[in-house]
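In what follows, chains are A, B, ... by sequence order, proteins preceding strands, each numbered from 1. Side chains included, hydrogens not; waters and symmetry mates left out as well; all remaining heavy atoms used.
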Amino acid sequence: MHDPKYLRDNLDFIRTSLGRRGQDVAWDAVQKLSDERRTLTTQVEQLRSELKKGSDEVARLRRAKEPAEAAMAAMKGLGDRIKEVEDNLRGVEEALSDLALRIPNLPHQTVPLGSDASDNVEVRRWGTIPSFTAPAKPHWEIGEALGILDFDRAAKIAGARFAVLSGAGARMERALINYMLDLHTGSHGYREVLPPLLVNRRTMTGTGQLPKFEDDLFRLRDEDYFLIPTAEVPVTNLHREEILSEDRLPIRYTAYTPCFRREAGSYGKDTRGLIRLHQFNKVELVAFSTPDRSYEELERLTGHAEFILQSLNLPYRVVTLCTGDMGFSATKTYDIEVWLPSQGQYREISSCSNFESFQARRANIKYRPAGGKKDAKAEFVHTLNGSGLAVGRTLVAILENFQQPDGSVLIPEALHPYMGGIKKIQPWPDGS
RNA sequence: GGAGGGGUGACGGAGCGGUCGAACGUGCCGGUCUUGAAAACCGGAGAUGGGGUAACUCAUCCGCGAGUUCAAAUCUCGCCCCCUCCGCCA
């Protein structure tokens with residue numbers, strides 16, 4: 001959400017800057033409602049001031065044992081008039097905030113202009129792309145042959161876009177989760193959090209999923225709870241309605257959670273395999289920063305996610321998303337894309353973003369600057385987050401990049417301690 | 001699910017329907033005292049929105065929402081959350 005005052009005074013600038021991203025915003029209504037809110041606010045305050053003075057006068061008269069009937073009669077009805085104007089004002093404010101909550105964040109100056117993913121700019125590459133004598137197999141073939149991935153039974157018990165992992169597959173998913181968490185908590189300075197997977201409406205609004213993207217979420221039928229689409233949601237909202245002291249910043253959390261997404265509108269995309277599921281595992285990195293350090297923090301955080309891939313020896317590249325490809329709440333986003341041999345291309349495995357004060361304003365997360373000066377007014381923090389990493393896609397990358405001619409898959413050395421001594425995944429004999 | 005208790009400022013905790021934005025205590029900041037510190041004493045300090053170059057000023061905020069009243073932290077109703085006991089359950 002934008003600063004209401006800034007929004008009111010810079011409507012045209014914001015509108016122009018957003019370009020295509022702001023095309024479905026009702027700009028004229030925003031303008032009109034902003035103006036109305038202002039006049040109604042002034043009106044209410046004047047009436048209230050009048051009422052207050054009148055009431056004080058009544059109190060004074062009665063204390064002085066003087067007749068107060070006239071003063072009371074004069075005030076009669078004022079309250080009702082105030083209520084009327086207030087109802088108006090409330091209506092205007094609700095309408096305005098509903099519209100304002102649907103305005104995307106403005107991109108940072110360093111974000112390249114563009115309309116879609118093809119305009120994203122590659123920042124760097126790491127690792128060597130493996131070469132294969134035979135065509136590289138897709139992970140679902142590898143996994144099914146090894147008996148560690150089962151999409152047919154997943155479809156039976158749940159439906160399309162679900163997967164069952166078993167044996168060494170299940171083990172490796174768990175190994176990756178533990179490995180990532182250990183690294184982020186042990187070496188990168190994050191505090192581990194295990195949050196609820198169901199959250200309320202207020203929380204979903206705080207990070208920007210609501211009101212605009214309700215269709216992307218799974219929602220419970222009988223209660224107003226949503227399944228989280230990412231740990232970003234509960235973890236960022238941890239400090240909702242709080243004022244943090246500056247010396248606590250930056251706060252860095254890492255959280256493993258399953259993530260649930262309806263994937264509405266992505267029919268036909270990545271229908272096979274583990275790439276796009278309704279439920280997947282992710283280890284998330286979340287940071288709360290002072291405004292002056294948030295871009296520095298974005299680089300750090302991205303580096304922490306990259307390090308996982310490096311330590312697993314998986315080739316990847318980092319791209320800066322262009323203005324047209326960025327998410328709703330971000331000012332700047334780096335995508336980390338891992339190499340998938342079967343597709344002959346890099347695919348997203350992490351997305352690291354700075355939201356500046358956009359989420360903080362929605363969720364009311366502030367900090368009080370240190371220094372003991374009298375002007376220590378609370379200000380909004382900057383929030384950031386990134387995947388570190390999407391676990392299922394990491395498994396995909398391992399299966400595909402380290403597949404062997406005999407159908408087995410070599411396990412990266414960093415995972416050996418987490419795999420109970422297994423260094424290679426061999427076919428499960430009876431194939432069940 | 002049943003019964004009861006409670007939600008007030010960073011925290012603890014008061015609050016006859018009318019100088020209550022809110023006593024008091026702790027913590028915090030500044031000062032006096034001290035070689036320094038502690039103690040003691042004095043003073044300061046909330047959030048949001050509007051107006052003003054500024055000193056400042058106006059409005060709102062005592063879980064949330066509605067109602068009663070000239071006037072609500074205080075009275076009434078609904079909702080949310082927390083706690084205790086009982087039942088159920090991993």
Report task. Taking atom P in both B:C77 and B:C89, compute the distance separating them and give it to the nearest angstrom. Result -> 36 Å
Query raised in the report: Using 30° and 60° as the class limits, which term best fits the ring planes of A:Tyr253 and A:His239: parallel, tilted or perpendicular?
Result: parallel
**Report entry** Nucleotide B:U48, atom P - distance to CD1 of A:Ile243 in whole Å
**Finding:** 7 Å
Requested in this report: Starting at atom CG of A:Leu89, determine the distance to atom P of B:G50, rounded to an integer number of angstrom.
Outcome: 12 Å
Query raised in the report: Any side-chain N or O of A:Arg90 less than 4.0 Å from the OP1 or OP2 oxygen of B:A66?
Result: yes
Report task. Look at the side chain of A:Arg60 and the base of B:G18, then say whether one donor and one acceptor between them are separated by less than 3.5 Å. Result -> no
Report summary line: Checking N1-N3 plus N6-O4 or O6-N4 for Watson-Crick, or N1-O2 and O6-N3 for wobble, each under 3.5 Å, the partner of B:A23 is none
**Report entry** Aromatic contact, A:Phe218 with A:His278 (centres under 6.0 Å)
**Finding:** yes
Requested in this report: Examine B:A66: is either OP1 or OP2 under 4.0 Å from a nitrogen or oxygen in the side chain of A:Lys83? Give yes or no.
Outcome: no
Query raised in the report: Starting at CD of A:Gln43 and ending at C1' of B:C58, how long is that distance when rounded to a whole Å?
Result: 16 Å
Report task. Grab the CD-P distance between A:Glu45 and B:U60 for me, whole Å please. Result -> 8 Å
Query raised in the report: When you look at A:Leu244 and A:Lys366, which way does the side-chain contact (heavy atoms from CB on, under 4.5 Å) test go after all the steps?
Result: CA-CA 6 Å; A:Leu244 309 162; A:Lys366 299 187 164 182; over 6 Å; no
Report summary line: Answer for the Watson-Crick or wobble partner of B:A40, both distances under 3.5 Å, is B:U32
Requested in this report: Return the value, rounded to whole Å, for the distance between atom CD of A:Glu50 and atom P of B:A59.
Outcome: 12 Å
**Report entry** Short side-chain N/O contact to B:U60 OP1/OP2 from A:Lys52, under 4.0 Å
**Finding:** yes
Requested in this report: Pick the C1' atom in B:G21 and in B:U35, then give their distance to the nearest Å.
Outcome: 43 Å
**Report entry** N/O (side chain, A:Arg48) to phosphate O (OP1/OP2, B:U60) under 4.0 Å
**Finding:** yes
Query raised in the report: Counting only N and O atoms by type, is there a donor-acceptor contact under 3.5 Å from the side chain of A:Thr271 to the main-chain atoms of A:Tyr267?
Result: no
Report summary line: A:Glu241 CD to B:C64 C1', in whole Å, measures 13 Å
Query - Gap between atoms CZ and C1', on A:Arg37 and B:U48 respectively (whole Å) - result: 11 Å
Query raised in the report: If pairing requires Watson-Crick or G-U wobble contacts with both distances under 3.5 Å, which nucleotide is the partner of B:A3?
Result: B:U84
Report task. Return the nucleotide paired to B:U60: Watson-Crick means purine N1 to pyrimidine N3 with N6-O4 or O6-N4, wobble means G-U with N1-O2 and O6-N3, both under 3.5 Å. Result -> B:A47
Requested in this report: Might you confirm whether atom CZ of A:Phe13 has over 12 heavy atoms from other residues, nucleotides or ligands at distances under 6.0 Å?
Outcome: no
Query raised in the report: A:Leu51 has a side chain; which of B:A71, B:G18, B:A47 sits nearest to it?
Result: B:A71
Query raised in the report: Between A:Ser49 and B:A59, does any side-chain N or O lie under 4.0 Å from OP1 or OP2?
Result: yes
